[in-house]
Amino acid sequence: MPSETNIGVVRGVAVGSYGQTILITLRDLDGVVQDVSSYTGTRTAIARPPAPGRKIVTATVSFNSDGTDGVVSFSWASGDIDESGEWELQITLNAASARVKSFIGRMPVVPALQEDA
Amino acid sequence: MAISFVAASSVRVANSNYAQLAHTISSGSDILLLVAIALTTHENRVSSVTWGGTELTQHHEGGENQGDKAWIWVGTIPLDAASGAGTLVVTLTSSVGRWCIGLCEYTGVSQAADPFRNSAVTNSGVNPSYSLATATDSDGLAVSAAALNSGKDATPGDTERVDQASASPTQRIHMMEASGTGSPVTMNASNFADDTFYVWVNCLQVPQNITITPAQAEVVTSASVGTVIEGTDTIIIGRTASVIATARVGAVAVIEPIRADLIMNVTEQ
Amino acid sequence: MASGITNRGKLRLLEMALDNTWNDSVIDSSPFFIALVTNTPDADDNTFADMTEIAAGNGYTSGGAEAAGRGLGWDTETEDDTNDYGEFQLADIAWTASGGAIPSSGGGATYAVLLDDHATVNSREVIAWFDLTSARSIGDGAQLTLQDLAIRLT
């Protein structure tokens, strides 16, 4: 069974951070890992900042291994995560003739004690 | 190459502290001049003896203590392969009434500063004869120089080269040699008619062989290992290191990824 | 244990460099020369042009005497495990003065130098120098002998 604290929640991202690998395991409602190896087309992580009217940020998603274990990875680029608060996150996977999207997850971005130089 | 006598010159001097003796060197090699000066007293000493401006090497100075009747100075100069006319110049500390200079030229003599094989042997006295012994090399030449108040020729067995007398009262210089045929060699001089003589004897040697064993040319060697890189994927190769190293740099730490699950329905239930 | 070169290795290096052999198999037969000089050589010297040779004549030829004997003239090889060195020694080198002294003029020889056999004397490389401890000269008919000139690696 997946950990309850982590279902649908991506924890650990702080405002101004970037480059850290984020591994997402894609599971169904029963907790079974999803074999997404056939989704070899465009794969994207989309995050929406909490403030209204803010533009979304995206990142390219890769299979962590071959996708059969449902684990995909991506990381944010410098400048992407520019405010703290509750972000929303969704993964989109494309195959030749299909597109699947995850449920919208939460990404609570931790505020920074000090502004980055 | 044996030692050979070439020529001799001599001169007597009266009432002077200075004298010149002309001599012409013949062509030859390993030339040595043997010079003897006979004085009447040790109080008026030789101060300088030169040939071509070069001071001779003094080898002996001594005399008969009985009444200051005979005093001798002996010196040499190596001339290598010189030739031609030259002048021996002698200066005393003060004027002497009667004195004599003898010069013998030899070839085939060691050109070292000390051309003699042995230490000098001397004798003196008032008797009219003397007998000395000195060991010689088989190819050396025993030579002697004597200062006498007056005297006659040496006996057979000695070869006389210089016999120079001053004006009366007679002061005389004798220079003799005997062939060296092994040790000992006796220099005999009898028939000296008067008293008081002083004689010096030594043995000239041929040019000496030199044998040298120099210290070895030494090189201190060492080998050392090149820079050692420690890591998981490193290879150390010795001092000619073209180091093949894939050192794993630990400075960039591996950061744990953020892990999370998201719900996605893809596979069949 | 610190790195090093074995005494055997020192000997072999000498053998290869000086005897043109490796463990007694001949590679080449170029001779060496021993010349007499009046200057003081040092480790930075390269060729005979850096030296001041004694005057030639009377039995001494400019460029020195050729090292003769077994192989290239190195008649004694030593591997010393007690004192930790490898060494090669030359057969005796001698000059006999004839017709005059050696040197024929000028100062006596203060050093002997080991040279290669370049056809041009001044281009001969100086491999080693040996101290004769004083200026040496010999008269006509006498002999100057240099014994046991040696190259040693310690």
Side-chain angles (χ1 to χ4, degrees), chain B residues 1-4 6 25-33 76-83 106-117 137-141 204-228 236-241, chain C residues 2-6 9-10 13-14 34 41 43 57-58 78 84-90 92-105 108-109 111-114 126-134 136-154:
Chain B
M1 184 173 172
I3 300 174
S4 299
V6 178
I25 306 293
S26 308
S27 64
S29 60
D30 296 316
I31 295 168
L32 185 91
L33 296 185
T76 62
I77 182 168
L79 295 182
D80 198 10
S83 64
Y106 294 94
T107 58
V109 184
S110 167
Q111 299 291 289
D114 180 3
F116 297 105
R117 169 57 74 194
D137 298 325
S138 59
D139 56 357
L141 180 66
L204 287 171
Q205 59 182 346
V206 294
Q208 296 301 297
N209 296 338
I210 298 175
T211 301
I212 308 166
T213 306
Q216 69 277 0
E218 188 166 303
V219 175
V220 178
T221 61
S222 63
S224 61
V225 176
T227 303
V228 175
I236 301 164
I237 300 177
R239 69 198 308 247
T240 57
Chain C
S3 308
I5 299 176
T6 64
K10 292 167 188 171
L13 288 172
L14 287 170
I34 296 292
N58 298 333
T78 306
D84 293 334
Y85 65 80
E87 181 175 283
F88 260 42
Q89 277 184 10
L90 267 178
D92 291 355
I93 300 285
W95 294 268
T96 301
S98 174
I102 291 176
S104 60
S105 63
Y111 287 85
V113 290
L114 174 66
V126 181
I127 299 164
W129 69 93
F130 304 95
D131 190 352
L132 305 183
T133 70
S134 67
R136 305 287 186 166
S137 57
I138 48 173
D140 193 359
Q143 188 174 72
L144 173 64
T145 304
L146 304 183
Q147 292 182 324
D148 298 342
L149 299 178
I151 303 287
R152 175 182 292 188
L153 293 188
T154 64

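The chains referred to below are lettered A, B, ... by the order of the sequence lines, with proteins before strands, and numbering in each begins at 1.
For Thr96(C), no part sits under 4.5 Å from any heavy atom of chain B, backbone or side chain. Contacts between Ala81(B) and chain C at a heavy-atom distance below 4.5 Å are absent for every atom of the residue. Interface residue Thr211(B): backbone and side-chain heavy atoms are both found under 4.5 Å from chain C. For Glu87(C), the part sitting under 4.5 Å from any heavy atom of chain B is the side chain, from C-beta outward, and nothing else.
For Asp30(B) (side chain) and Asp140(C) (main-chain N/O), a donor-acceptor pair under 3.5 Å exists by modelled atom type.
For the pair Ala217(B) and Ala128(C), the tightest heavy-atom approach, listed with the atom from each and the gap, is CB-CB, 3.8 Å. Nearest heavy atom pair, residue Phe130(C) against residue Ala215(B), reads CD2-O, 3.7 Å. Taking each heavy atom of Pro207(B) and Gly139(C) in turn, the nearest pair found is CB-CA, 3.6 Å.
Two residues are said to be in side-chain contact when any heavy atoms from C-beta on lie closer than 4.5 Å; Leu149(C) and Pro214(B) meet this criterion.
In this structure, the separation between CD1 on Ile210(B) and OG on Ser134(C) is 7.5 Å, given to the nearest 0.5 Å. In this structure, the separation between CD on Gln147(C) and OG1 on Thr213(B) is 4.0 Å, given to the nearest 0.5 Å. Atom-to-atom distance recorded for Ile212(B):CD1 and Leu132(C):CG is 4.5 Å, nearest 0.5 angstrom.
Options Ile127(C), Asn58(C), Ile151(C) differ in how many heavy-atom pairs under 4.5 Å they form with chain B, and the most are formed by Ile151(C). Most heavy-atom pairs under 4.5 Å with chain B: of the set Ala150(C), Ala101(C), Ser104(C), this distinction falls to Ala150(C).
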